[in-house]
Amino acid sequence: MSAPLPNFVHSQFLDHNSKMHSQPSESFVHNQTKHEQPNQSPEATVKKFLLAFNCVLMSIGNCGGPLILRLYFIHGGNRVWLSSWLLTGGWPIILLPLVISYFQRRRTSAAGTTTEFIFIKPRLFFASAVIGLLTGLDNYLYAYGVARLPVSTSSLIIASQLAFTAGFAFLLVKQRFTSYSVNAVVLLTLGGAILALHSSGDRPAGESNKEYVAGFLMTVGASVLYGFVLPLIELTYKKAKQNLTYTLVLETQFVISLFATILCTIGMLINNDFQAIPREGTEFGLGKTKYYVILALSTVIWQCFFVGAVGVIFYSSSLFSGVVIALLLPATEILAVIFFREKFQAEKGVSLALNLWGFVSYFYGEFKQSSKKKLQLPRAQGSGIQIPNV
């Protein structure tokens, strides 16, 4: 059975006030989604477009983020808390679509009605704050790993997070699996294990074996933690007790990024990173101007990733977001070899092949399940039989 879509996927991008006055029950939303007509409705088309748009955002961040972060470390950057801060420090960017959405709702609202500026309620706010703190910790683990490992190695390790995402999705949101999705998880796990067997073969020059192993373990920790965060976000959506819209998803990501940045800011203060930034910029291998350009560009690229991730979870599932992250692995590998001339040993080739095999297995299973549902739906509607909730 394919990955079940969350009950909230029917929500539209525009948040009309009329939707906020009446909140449909969970069963109504679920049945409404399950009994869609074979011909795509405008709502379904918008949903697919926004899912694709968020996948593009994830692609930009997932491929560009590790490369520009590694560029910072290669040319003299060594502040781990600063680099972890960059991953979510671009949270003010989210204000732009939120403001646009507000004025759009205000323009289309009925005369005499009050347009809500903020949708997020305390329950969802505090849940997002906790997720934000976990994300901040994950940022540090990931940045530490990127500082010690080549991009091609760290990306392969991060790809194994699909296995952790699948496990936590099963525990937290009762994700159901097909033989194809189980096969994909197993193959991705084997890919990461093969890398671990040859863990020091691509150790950067001048780096001790102890530092390399520490970077490897920290990256694995980042993979496990983010594999937990993705289903936790999906669970938060399900338990929000609010009418979920894309604007509310952006507000949620705003809070997540804000609290993750606060945690990293505290780490920077303790580590005296703010005082070290001017000196590090002066000594940076590419020059002071490019140093600040790299820092600014990092915040933008990584914010694309996080906004895209929560959008993909909203319109699909946490498991699918993990698959998209892993699916982009070949592109990141190729770019790392081209730009940084990283070694690509046989172990990485085998790991990459297993990952690609896992991706094909997952998507083939999704395709078969989708085709099966399309065939069953007209028969069920024609016979007056309702399709059971799954």
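Across all their heavy atoms, Leu71 and Phe284 have their closest contact at O-CZ, 4.1 Å. Heavy atoms only, all atoms of each residue included: Thr332 and Asn62 are closest at OG1-O, 3.8 Å. Here the closest non-hydrogen pair linking Asn54 and Val307 is OD1-O, 3.5 Å. Minimum interatomic distance between Glu251 and Phe117 (heavy atoms only, all atoms of both residues): OE2-O, 3.9 Å. Scanning all heavy atoms of the two residues, the minimum distance from Thr252 to Ser128 falls at CG2-OG, 3.1 Å.
Crowding of Tyr292 atom OH: a count of heavy atoms from other residues, nucleotides or ligands under 6.0 Å exceeding 12. The 12-atom threshold is exceeded at CZ of Phe274, counting heavy atoms of other residues, nucleotides or ligands nearer than 6.0 Å. By the 6.0 Å contact criterion, OH on Tyr102 is enclosed, its count of non-hydrogen atoms from other residues, nucleotides or ligands being greater than 12.
Counted by atom type alone, Thr88 and Gln303 present zero donor-acceptor pairs between their side chains at under 3.5 Å. Inspection of the Arg79 and Ser83 side chains reveals no N or O donor paired with an N or O acceptor under 3.5 Å.
Two different hydrophobic clusters hold Val300 and Met58 under the rule that ILVMFWY side chains link at heavy-atom gaps under 4.5 Å.
For Trp85 and Tyr140, the gap between ring centers reaches or exceeds 6.0 Å. Ring pair Tyr246/Tyr315: centre-to-centre distance below 6.0 Å.
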Working for ring-ring contact (aromatic ring centres under 6.0 Å, His included), residues Tyr142 and Trp302: CA-CA 13 Å; Tyr142 176 75; Trp302 279 112; 5.6 Å; yes
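Of the options Val99, Ile93, Ile100, a side chain to side chain contact (heavy atoms under 4.5 Å, CB included) to Leu96 is made by Ile100 and by none of the others. Each of Phe259, Phe125, Trp91 was compared with Phe254 under the ring-ring contact (aromatic ring centres under 6.0 Å, His included) criterion, and only Trp91 meets it.
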